[in-house]
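Note on naming: letters A, B, ... go to the chains in the order of the sequence lines (proteins, then strands), and numbering restarts at 1 for each one.
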There are 2 protein chains.
Amino acid sequence: MSIYNAAALKAELRQRGFRMTAQRETILRVFQTIPQGKHLNAEELYNILQHQGEKISVSTVYRTLNLMAKMGILRELEFAEGHKHYELNKPSELHHHLICVECRQTVEFKSDWIAKIAKNQAKSNEFELLDCQLTLHCVCLEAFEEGWPYCLPEDWVCPKSQRHRSSCEPH
Amino acid sequence: MSIYNAAALKAELRQRGFRMTAQRETILRVFQTIPQGKHLNAEELYNILQHQGEKISVSTVYRTLNLMAKMGILRELEFAEGHKHYELNKPSELHHHLICVECRQTVEFKSDWIAKIAKNQAKSNEFELLDCQLTLHCVCLEAFEEGWPYCLPEDWVCPKSQRHRSSCEPH
DNA sequence: ATAGTTGCAAATAATTTGCATGTTA
DNA sequence: TAACATGCAAATTATTTGCAACTAT
């Protein structure tokens with residue numbers, strides 16, 4: 001089910017009537033290379049490719065992300081940011097995300113219960129389970145105590161993540 | 001915490017330095033009126049308002065959704081569709097969603113474990129938990145057996161939901 | 001009266017698509 | 001060589017924003 005090397009990708013593609021291309025291999029390699037816990041959106045992936053001197057168009061980036069997500073190679077993550085994030089889908093290492101809505105840092109965590117709950121639920125509704133994601137929307141305690149969501153200063157920097165605010169309508 | 005009537009909304013708004021307006025009250029009422037299990041995206045909400053003869057601009061719809069989500073009145077849902085959905089946030093009736101990536105039907109379900117897992121996780125990472133969502137990405141068994149994702153006919157109609165395909169790249 | 005809010009239209013962001021050209025099996 | 005994939009630019013979709021006019025407190 002999970003495909004992590006070029007040969008297996010090629011086989012999977014061919015089986016479905018698709019073809020192996022340099023671009024697809026390159027994009028797969030990027031995901032294999034980034035550190036565990038890191039997920040990319042289309043723009044970030046495109047920038048990495050540019051940096052590496054690869055000339056792959058934005059369209060191809062999007063098309064490849066969609067294809068690989070549909071094939072089950074990538075996991076499509078939604079963090080309510082207005083764009084999707086992707087990471088390698090490794091069912092054996094299923095994990096979930098806690099995300100700070102203020103500074104956008106994410107924390108990965110595991111829980112064996114989630115997969116069990118998900119499997120049961122899908123089964124009892126007669127669905128095939130493809131992926132399950134428990135997403136926690138949180139704020140750092142530090143920001144919360146500082147008056148989040150409305151009284152946090154514009155130039156707030158999260159002491160936990162060192163990141164500044166992602167968005168805020170002035171009060 | 002949860003605000004379900006105009007008076008309480010007004011109080012919450014004032015406390016934060018915001019004001020009660022006819023538009024905000026109307027939008028709250030729409031969410032109170034739609035059936036349980038229904039969630040709306042910005043466009044759907046806008047259409048409902050139009051239908052009801054309310055003249056509320058698209059900007060106001062978006063601004064109100066953002067504001068109410070940040071206030072905790074609405075829950076922001078991401079179903080990997082490229083746009084957000086919203087529903088009233090009722091912590092006492094916390095539920096989660098199973099969604100068919102093929103026909104887009106959603107099934108609500110509850111699980112007391114999820115909230116417990118989420119609370120523990122947030123606490124141990126020193127975050128304030130705002131919302132937690134377990135989302136199952138599934139396909140109807142019927143579609144899966146019919147050859148999803150690549151061999152499903154273009155004109156496939158899900159026998160379970162009566163819906164047709166949401167998207168599909170031809171093979 | 002003052003600060004917050006709305007509507008409109010223009011701007012931005014994210015993603016998709018048509019089509020000519022290039023590539024794979 | 002036939003079917004598939006890519007790149008480019010234009011199109012679409014979703015959402016945000018500037019600003020003048022309006023409204024709640």
Side-chain angles (χ1 to χ4, degrees), chain A residues 6-7 9-28 39-47 49-50 54-71 74 76-86 150 166-171, chain B residues 6-7 9-28 39-47 49-50 54-71 74 76-86 150 166-171:
Chain A
L9 172 61
K10 183 168 184 173
E12 262 295 301
L13 285 166
R14 291 195 59 178
Q15 189 185 317
R16 309 213 182 270
F18 298 118
R19 290 173 187 177
M20 185 54 146
T21 65
Q23 289 89 334
R24 287 172 180 171
E25 187 173 345
T26 301
I27 288 175
L28 176 62
H39 15 73
L40 304 176
N41 62 35
E43 196 190 353
E44 290 164 340
L45 172 56
Y46 182 71
N47 290 338
L49 291 167
Q50 295 267 294
E54 307 286 351
K55 43 181 175 35
I56 299 184
S57 71
V58 181
S59 329
T60 298
V61 165
Y62 277 101
R63 281 191 278 233
T64 304
L65 289 173
N66 285 336
L67 181 68
M68 290 188 172
K70 206 152 201 177
M71 288 176 74
L74 295 178
E76 209 169 62
L77 306 171
E78 289 271 14
F79 296 147
E81 287 185 281
H83 54 250
K84 295 167 188 163
H85 281 244
Y86 298 85
Y150 299 109
S166 52
S167 72
C168 183
E169 309 77 67
H171 190 174
Chain B
L9 172 61
K10 182 168 183 174
E12 262 296 300
L13 286 167
R14 291 195 59 178
Q15 188 183 317
R16 308 214 183 270
F18 297 118
R19 287 172 189 178
M20 184 55 147
T21 65
Q23 291 89 333
R24 288 172 180 171
E25 186 172 346
T26 302
I27 288 175
L28 175 63
H39 14 73
L40 304 175
N41 61 35
E43 196 190 354
E44 290 165 340
L45 172 56
Y46 182 70
N47 290 340
L49 292 167
Q50 295 269 293
E54 307 285 352
K55 43 182 175 32
I56 299 183
S57 71
V58 181
S59 330
T60 298
V61 166
Y62 277 101
R63 281 191 278 232
T64 304
L65 289 173
N66 286 335
L67 180 67
M68 290 188 172
K70 206 152 202 177
M71 287 176 74
L74 296 178
E76 209 168 61
L77 306 171
E78 288 273 11
F79 295 148
E81 286 185 281
H83 53 249
K84 294 167 188 162
H85 281 243
Y86 297 85
Y150 298 110
S166 53
S167 71
C168 183
E169 308 77 65
H171 189 175

From [atom1] of [X] over to [atom2] of [N], roughly how many Å is that when rounded to an integer?
{"X": "B:Leu9", "N": "D:dA24", "atom1": "CG", "atom2": "P", "answer": "14 Å"}
{"X": "A:Glu25", "N": "D:dT6", "atom1": "CD", "atom2": "P", "answer": "13 Å"}
{"X": "A:Gln15", "N": "C:dA25", "atom1": "CD", "atom2": "P", "answer": "15 Å"}
{"X": "A:Leu45", "N": "C:dT15", "atom1": "CG", "atom2": "C1'", "answer": "14 Å"}
{"X": "A:Ile56", "N": "C:dT23", "atom1": "CD1", "atom2": "C1'", "answer": "14 Å"}

Polar pair under 3.5 Å, donor/acceptor by atom type, side chain B:Arg19, base C:dA3: yes
Of all heavy-atom pairs between A:Glu78 and B:Glu78, which one has the smallest distance, and what is that distance? OE1-OE1, 2.7 Å
Take B:Leu67 and B:Leu13 through the side-chain contact (heavy atoms from CB on, under 4.5 Å) test and state the conclusion after the steps. CA-CA 10 Å; B:Leu67 180 67; B:Leu13 286 167; 4.0 Å; yes
Going by number, which of residues 76-83 of chain A have a non-hydrogen atom under 4.0 Å from DNA chain C? A:Gly82, A:His83
Dump the pairs, protein N or O against N or O of nucleotides 17-20 of chain C, anything under 3.5 Å, distances to one decimal.
{"unit_1": "C:dT17", "atom_1": "O4", "unit_2": "A:Ser59", "atom_2": "OG", "d": "3.3"}

Return the nearest nucleotide to the side chain of [X]; candidates are [options].
{"X": "B:Phe18", "options": "D:dA14, C:dT15, C:dT5", "value": "C:dT5"}
{"X": "B:Lys84", "options": "C:dT15, D:dT15, D:dT25", "value": "D:dT15"}
{"X": "B:Thr21", "options": "C:dT6, D:dT6, D:dT15", "value": "C:dT6"}
{"X": "A:Ser57", "options": "D:dC8, C:dT15, D:dT25", "value": "D:dC8"}
{"X": "B:Arg24", "options": "D:dG7, C:dT5, C:dA25", "value": "C:dT5"}

Around atom CD of A:Glu43, are there more than 12 heavy atoms from other residues, nucleotides or ligands closer than 6.0 Å? no
Identify, between B:Asn41 and B:Arg14, the residue whose nearest nucleotide on DNA chain D lies closer to the 5' end. B:Asn41
Tell me whether the rings of A:His85 and A:Phe79 are parallel (<30°), tilted (30 to 60°) or perpendicular (>60°). tilted
Can you sort out the partners of B:Tyr46 under ring-ring contact (aromatic ring centres under 6.0 Å, His included), two or more places apart, ordered by chain and number? none
